[in-house]
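Every chain is numbered from 1, with letters handed out A, B, ... down the list of sequences. Only a predicted model underlies this, so the values are computations on that prediction, with no experimental measurement involved.
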Amino acid sequence: MSKERFEFKILNDKDGSETNLDNLSLRESKAFLVLLESMISIAENTGISDDFEIKIEKGSACVAIESSDLSPLVMEYSNILKNESNNAEAVQAFRNVQNLFWNNGLTYSSKIKTMSNVSSNIFNEISKARTFRTKSIKRSREYQITFLEGNLQEIGGKNPNFHIVKNGKTIKIECLEQEAQRIKDELYKTIRLSVIETKLANNRSLYKFIDFYRDVNDYKFYQNLIERTYEFDHLDFLREINKLVKDTLRSEDYTKTRQILKLFNNHFTDDSILKTILIITKHFSERSEIKHIRKSIKSILEKNRGEVLI
Amino acid sequence: MDNTTILNRIYKSYDNDLKENFVAAAIKYRSENHEVDHAGIAICLNENLYIFHFNGIGIRLDILDPKKWFIENKLDFIKSKEVASFFVYCEEISKECKPEYGYVYNGSFFLPDGKYFSEVEDYQFMTCVGFCINVLTGAIENNKYLLHEDWELADHEKGVYFEKYMEGILESIPESKRKILKNNQRRIDPMDYFTSSFVYEKPISKASIDSLKPSVEKAIRNKFGTN
């Protein structure tokens, strides 16, 4: 019975000369080592059956895995291409290959051959994909944290709200009375703020005030933080938020702690972020600056999990 | 909790599906003599099974070697979506905290910034069980996971143990702190810890553990004992 096969090949050196396993340049040897190591890690970590063999072949320089059934590998690879894999080891191996394809200037080819299919397009798929990473936190389709900058106008109303005007476009933002009070001194000035945007039909949105930033660096920092929430690997983002909150607690900058917490004090924040915040702030739950917001985060998580936190 | 439920809940590491994240109480069980001599916390995250424990010398957070299996019972109060948060908290503890071995538990818990919440913050004496309780207590909202005052070393045991082991270590510690540590000598054994994972009501009393422990021991023996 013929075996299924997954291979990486180095075809040419940087100067265009054909690669030959008998006679590798320094650059080719380094590339070969990365491919071999990655291949071993892929074989070890994608759950393919134990009968696999790692092949190193002449001609050009080729490393391959052969096995009776490579379907777990094919499945993992397709998840990795979509950045939907949670398999850190396999992602790392493919990322190393991706970096090699991007950076070291040799010519490669790569192929997967199974019983049902042959795909020779692997090199293109890997080099054209975004940087491989493990699964990140999913965005909500309906809600998002949005950052806005514009001229503050028309604060007030029975149901308090204000307007932000930028490039002739006006956005109405709902707020609480005390929030309107907080920003009133900024009237007719440029203001930078974060809001909860609720997307409605016909490309319309509702906006609800979260916070405003006097310091442009804070504004940029938090804007970036929210971006990273959905870009980073899930665990890396939790490490990031943990460190960020920890640093504010260590430096006793509780106003800053509150500023961070505000951005996650909503029902569409992932439970893992809420829980991370609760653990790191546990010992500070009675600090006046964060007491109320922490309580709110706690009740959001309790509602999501359908059970009180012990 | 009835005997069948207990029997169904306990399993050997890796005998359980790793598709869904979980945190579990874990104990080392010697099937040949039914001894339980070590405790840790098993964490299943992204299809990897980790063991988080204090081996008397240092804190370890490692992928569990399938040959070195534990007996586990899942902790229901940490939901699968919260396991990644718990894992990050454990990473912080293993980076920041430096416990020492000793039969002391005074209701302390870990803070993920590396600090340690305790009457005697500077001296982190604990056993493998004390470590697990410190970790779990730091991860819940309540400041108590166990009603630790229920546990005690017998008075005569306290004296002998202190003479033999702790006195030497404590010599350099100020008298006032030494007293607190001395008064908080207690032995919560790995079976107490494991049984606590079956008790729903928190904080957990010794009485509730004592009433369940024989059933848990029996279930382990029936399911995993070799004689």
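- Chain B is approached within less than 4.5 Å, heavy atom to heavy atom, by A:N86, A:E89 from residues 84-91 of chain A, ordered by number.
- With contacts defined as side-chain heavy-atom distances shorter than 4.5 Å, the pair A:L235/B:L45 qualifies.
- The closest donor-acceptor contact from the side chain of A:K275 to the backbone of B:A139 lies under 3.5 Å.
- Atom NZ of B:K81 sits in a sparse spot, with 12 or fewer heavy atoms from other residues, nucleotides or ligands closer than 6.0 Å.
- The number of heavy-atom neighbours closer than 6.0 Å to NZ of A:K135, taken from other residues, nucleotides and ligands shown, is 12 or below.
- For the pair A:K282 and B:Y89, the NZ or CZ position fails the cation-pi test of under 6.0 Å to the six-membered ring centre and within 45 degrees of the ring normal.
- By a heavy-atom distance cut of under 4.5 Å, A:R294, A:K298, A:L301, A:R305, A:E307, A:L309, A:I310 are the residues of residues 287-310 of chain A near chain B, going up by number.
- Ranked by heavy-atom pairs under 4.5 Å with chain B, the list A:D270, A:D247, A:I279 is led by A:I279.
- No more than 12 heavy atoms of other residues, nucleotides or ligands sit less than 6.0 Å from atom NZ of A:K243.
- Contact of B:N143 with chain A is made through backbone and side chain together, with heavy-atom distances under 4.5 Å.
- Taking B:Y14 as the reference, nothing meets the side chain to side chain donor-acceptor pair (under 3.5 Å) condition, with sequence neighbours excluded.
- Heavy atoms of B:E47 lying under 4.5 Å from chain A are absent altogether.
- For the pair B:K79/A:D271, no side-chain contact is recorded, criterion being any heavy-atom separation below 4.5 Å from C-beta on.
- More than 12 non-hydrogen atoms from other residues, nucleotides or ligands lie less than 6.0 angstrom from CZ of A:R139.
- Counting heavy-atom neighbours within 6.0 Å of A:M75 CE, excluding the residue itself, gives a total of 12 or less.
- Residues satisfying the side chain to side chain donor-acceptor pair (under 3.5 Å) test with A:S194, not counting sequence neighbours, are A:Y213.
- With hydrogens and angles disregarded, a donor-acceptor distance shorter than 3.5 Å links the side chain of B:S85 to the backbone of A:S272.
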